[in-house]
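A quick write-up on the structure given underneath.
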Number of protein chains: 2
Amino acid sequence: MTKRPRTELQSDLTPISDMCAAFDVTPRTLRFYEAKELLSPVRVGTRRLFTRRDRARLTLILRGKRFGFSLEEIRQTLDLYDRTGSDAAQRQRACEIARERLAIMEAQRAELDVAIAELKTELAASEARFPVTHRAAE
Amino acid sequence: MTKRPRTELQSDLTPISDMCAAFDVTPRTLRFYEAKELLSPVRVGTRRLFTRRDRARLTLILRGKRFGFSLEEIRQTLDLYDRTGSDAAQRQRACEIARERLAIMEAQRAELDVAIAELKTELAASEARFPVTHRAAE
DNA sequence: CGTTACGCTGACGTTAACGTCAACTGCTCT
DNA sequence: AGAGCAGTTGACGTTAACGTCAGCGTAACG
């Protein structure tokens with residue numbers, strides 16, 4: 001028989017190995033993120049079990065990284081997504097930060113469009129300048 | 001009377017201080033980029049003079065950084081923009097890299113759209129949960 | 001019952017992208 | 001001539017984001 005936790009496979013609590021496989025990260029990374037308070041897995045004894053919340057946050061973390069944000073910037077933005085139990089001032093601060101991020105991201109999107117257009121132009125010009133070696137024409 | 005060109009080509013050759021002011025970077029950064037072969041200013045004696053080409057490249061470098069690319073990734077992509085004097089194999093390689101970057105950037109754009117939409121939703125929900133203008137004394 | 005195998009905790013190493021500092025040089029102005 | 005700068009070259013320091021390794025615990029497998 002394959003090793004299988006008993007009847008309690010509610011899949012809401014994910015062990016570290018599964019997390020690593022699912023998100024393509026190392027254990028070190030997850031422990032590092034926990035240390036930085038980006039994740040907060042529960043403990044069974046000494047072992048970590050990641051929650052649905054952790055998985056959602058990790059998705060956002062990795063996405064943020066791809067956009068070039070630092071972990072600290074990400075951590076602040078993340079708070080918006082589940083800061084339901086804080087006081088008004090904190091929530092307002094979170095909204096403020098989120099609006100800033102939003103502006104940055106929209107600017108980034110605009111710049112990205114320009115960059116993509118430019119690169120396309122340059123690429124087309126570059127490909128036109130020399131015969132593409134045996135590439136099927138359309 | 002040493003040689004002294006009075007009518008200098010100031011428009012094309014920019015000293016380091018002007019570069020720093022124009023692009024909001026430090027001298028150290030420009031020297032660092034030169035060491036990494038991202039820039040190649042000409043020398044007058046020991047001093048650097050940045051060309052039009054350097055300015056164009058620096059624009060792309062800083063833009064690339066905002067997108068989260070590393071300097072090395074940027075350097076490779078940059079080659080597409082002025083690798084006119086290389087052999088066919090090199091140009092082809094440059095095009096290949098550029099196409100990869102392009103794909104990455106388009107994926108990034110798509111993901112950015114999603115992220116912006118999500119953040120907007122979350123922000124709207126968060127702002128709806130409590131009055132923004134002033135705290136409702138409930 | 002021993003031995004993999006996975007997981008944990010320090011603790012130190014690494015890489016990228018600069019910052020900082022010291023010592024020197026060559027103009028320019030007075 | 002001297003002072004004041006802008007600029008240069010090492011050389012070492014710093015921060016973020018992990019990698020790597022040693023030493024230990026424990027749970028299951030054969």
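Lettering follows sequence order; numbering is per chain, from 1. Since the model is a prediction, treat every value here as computed from it, not as a measurement.
One hydrophobic cluster, built from ILVMFWY side chains closer than 4.5 Å, holds both B:Tyr81 and B:Leu58.
Within the structure, every side-chain polar atom (N or O) of A:Thr26 is placed at least 4.0 Å from both OP1 and OP2 of D:dC18. Note on A:Arg31: a side-chain N or O is less than 4.0 Å away from OP1 or OP2 of C:dC8.
Per the geometry, CG belonging to B:Leu30 stands 12 Å off P belonging to D:dT9, to the nearest Å. Rounded to a whole Å, the CG atom of A:Asp18 is 12 Å from the P atom of C:dC6. In this structure, A:Ile16 atom CD1 and D:dA27 atom P are separated by 17 Å, rounded to whole Å. In this entry the distance linking CG of B:Leu49 with P of C:dC27 reads 13 Å, nearest Å.
Residues satisfying the salt bridge (Lys or Arg N to Asp or Glu O under 4.0 Å) test with B:Arg101, not counting sequence neighbours, are none. For A:Arg47, the salt bridge (Lys or Arg N to Asp or Glu O under 4.0 Å) test picks out no residue, with sequence neighbours left out. When the side-chain contact (heavy atoms from CB on, under 4.5 Å) test is applied to A:Ser70, the partners found at least two apart in sequence or on another chain are A:Glu72, A:Glu73.
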Which atoms of nucleotides 10-17 of chain D (N or O only) lie under 3.5 Å from a protein N or O atom, and what are those distances?
from	atom 1	to	atom 2	distance (Å)
D:dA17	OP1	A:Leu71	N	2.9

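Between the side chain of B:Glu122 and the main chain of A:Leu80, no donor-acceptor pair closer than 3.5 Å is present.
Salt bridge B:Arg63/A:Glu118: present, at least one basic N to carboxylate O contact under 4.0 Å.
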Checklist entry - When you look at B:Met19 and B:Val25, which way does the side-chain contact (heavy atoms from CB on, under 4.5 Å) test go after all the steps? => result CA-CA 8 Å; B:Met19 285 292 281; B:Val25 294; 5.8 Å; no

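Legend: salt bridge (charged side-chain N to carboxylate O under 4.0 Å, His left out) pairs involving residues 15-30 of chain A, not counting sequence neighbours: none detected.
The stretch residues 39-47 of chain B comes close to DNA chain D through B:Arg43, B:Thr46, B:Arg47, each having a heavy atom under 4.0 Å from the strand.
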